[in-house]
Amino acid sequence: HYLIGIDISYKYVRGILMTLGGQEIFSRTLSIRNPAHILEYLRQIMDELLKDHGSQKHFLAVGVSVTGATDLEHGILKASIFSDKWTNRKFLEENFRIPVYVYSDTACVLTAEKYFGFLMDQAYQSALLVSLDYGVGMAYMHNRKIFYSKGRHQCELGHITVRPGGTKCNCGKRGCLEMYASPLGLATQFREHFPRSASN
C-alpha cells in the first residue's frame with residue numbers, strides 16, 4: 001500500500017509516492033509558470049505518481065499541503081492564490097478515486113515535526129511555528145494537539161490587521177501583516193511607494 005503527498009506552493013507543485021513506513025518510491029516537481037493552469041499541473045503530477053506502481057486499490061490516500069487558509073473538515077481552500085481555479089479536494093477524488101485530505105502548509109510542517117522531528121520528545125507539549133514564504137503562515141500546538149483553522153482567518157498570523165486601511169491583501173482585507181512582512185508584501189510596498197522605479 002502507498003500514500004501520496006502533494007505540496008502546492010506559488011512556485012511549484014511537488015508530488016511524492018511513499019510506503020506506509022515512509023520510504024520514498026518516486027517523486028516529481030513541476031515549476032508553476034502560470035497559476036491559472038494549476039489543474040493541469042495536478043493532473044500531470046498525479047498521472048506520474050500513479051503510473052507503473054500497481055493498481056489504484058493499493059493507494060490509500062492523498063495528502064495535499066497548500067499555501068492559504070484551509071477548511072480541514074471539508075477539504076476546501078478558503079483563501080489562496082489558486083482559490084478561483086481549485087477550491088476543494090473533489091477534483092482529485094473524482095479524477096483518481098482516492099480519498100484526499102487538504103491541510104495548510106504550515107500545519108503540515110508542524111505535524112511532521114511532531115511525529116518525525118524536533119517535537120517527537122513528549123517533553124514538548126506546546127509549539128508555535130511561523131513561516132515566511134509567499135506570505136506569513138502560522139501553526140500552533142498545545143498539549144500535543146495541533147489546532148486548525150475553522151474560520152477564514154483563524155490561526156492566520158499573516159492576516160492580522162497591523163495597519164487599518166492599509167494595503168489591500170489577497171484575502172480582501174486591508175493592512176494585513178502579510179502585506180508588510182513577507183516577500184510578497186515587501187514587493188507590493190516597493191511598487192506602491194516607487195511606481196516609476198518598479199515599472200523600469
Side-chain angles (χ1 to χ4, degrees), residues 1-32 35 37-83 85-122 124 127 129 131 133-134 137-150 155-156:
H1 292 91
Y2 301 130
L3 295 172
I4 293 175
I6 295 179
D7 182 20
I8 305 175
S9 81
Y10 71 102
K11 293 180 180 178
Y12 60 80
V13 177
R14 178 176 296 146
I16 182 171
L17 177 68
M18 67 182 72
T19 67
L20 297 185
Q23 178 184 1
E24 179 181 331
I25 303 298
F26 177 79
S27 64
R28 181 80 161 93
T29 300
L30 295 176
S31 297
I32 293 179
H37 297 157
I38 187 62
L39 296 181
E40 287 75 12
Y41 292 118
L42 287 171
R43 185 178 286 110
Q44 183 177 342
I45 282 284
M46 287 294 293
D47 285 343
E48 293 193 29
L49 291 174
L50 294 172
K51 182 177 62 178
D52 300 329
H53 293 289
S55 63
Q56 291 191 7
K57 67 180 180 180
H58 293 133
F59 299 95
L60 297 184
V62 179
V64 180
S65 164
V66 65
T67 300
T70 60
D71 180 334
L72 178 63
E73 182 178 355
H74 299 98
I76 297 173
L77 277 169
K78 295 177 292 185
S80 171
I81 57 173
F82 303 118
S83 60
K85 299 297 180 183
W86 180 64
T87 56
N88 59 62
R89 65 191 181 205
K90 289 184 179 180
F91 166 77
L92 292 177
E93 290 186 331
E94 290 175 356
N95 280 267
F96 302 102
R97 302 181 184 278
I98 303 172
V100 176
Y101 301 89
V102 179
Y103 299 83
S104 70
D105 51 357
T106 48
C108 286
V109 172
L110 187 57
T111 301
E113 291 294 342
K114 175 183 176 181
Y115 291 107
F116 305 108
F118 291 107
L119 302 176
M120 288 179 63
D121 190 335
Q122 293 291 322
Y124 295 99
L129 183 145
S131 64
D133 192 6
Y134 181 78
M138 185 183 78
Y140 176 59
M141 181 180 79
H142 180 63
N143 289 334
R144 303 291 297 176
K145 177 183 178 182
I146 297 177
F147 287 80
Y148 299 97
S149 173
K150 291 185 178 180
C155 296
E156 289 289 326

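Keep in mind that what you see is a predicted model, and the values were worked out from it rather than measured.
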At what distance, to the nearest 0.5 angstrom, does [atom1] of [X] lie from [atom2] of [Y]?
X    : Y    : atom1 : atom2 : answer
I16  : T29  : CD1   : OG1   : 9.5 Å
K145 : K114 : NZ    : NZ    : 10.0 Å
F26  : L17  : CZ    : CG    : 8.5 Å
M46  : I6   : CE    : CD1   : 5.0 Å
T19  : I25  : OG1   : CD1   : 5.5 Å
L60  : L20  : CG    : CG    : 5.5 Å

Given side chains that start at C-beta, do those of L50 and I98 come closer than 4.5 Å, heavy atoms only? yes
Close side-chain approach of Y103 and T111, heavy atoms under 4.5 Å: no
Residue pair A127 / L110: nearest heavy atoms and the distance that separates them: CB-CD1, 4.3 Å
Donor-acceptor check, side chain of T106 to backbone of M138, threshold 3.5 angstrom: yes or no? yes
side-chain contact (heavy atoms from CB on, under 4.5 Å) with L30: which of R14, E40, Q44? Q44
Neighbour count above 12 (heavy atom, 6.0 Å) for Y12 OH: yes
Please work out which of the three classes, parallel, tilted or perpendicular, describes the rings of Y2 and F59, given edges at 30° and 60°. tilted
In terms of relative ring orientation, are Y41 and H37 parallel, tilted or perpendicular, with 30° and 60° separating the classes? tilted
Which residues pass the side chain to side chain donor-acceptor pair (under 3.5 Å) test with E94, sequence neighbours left out? none
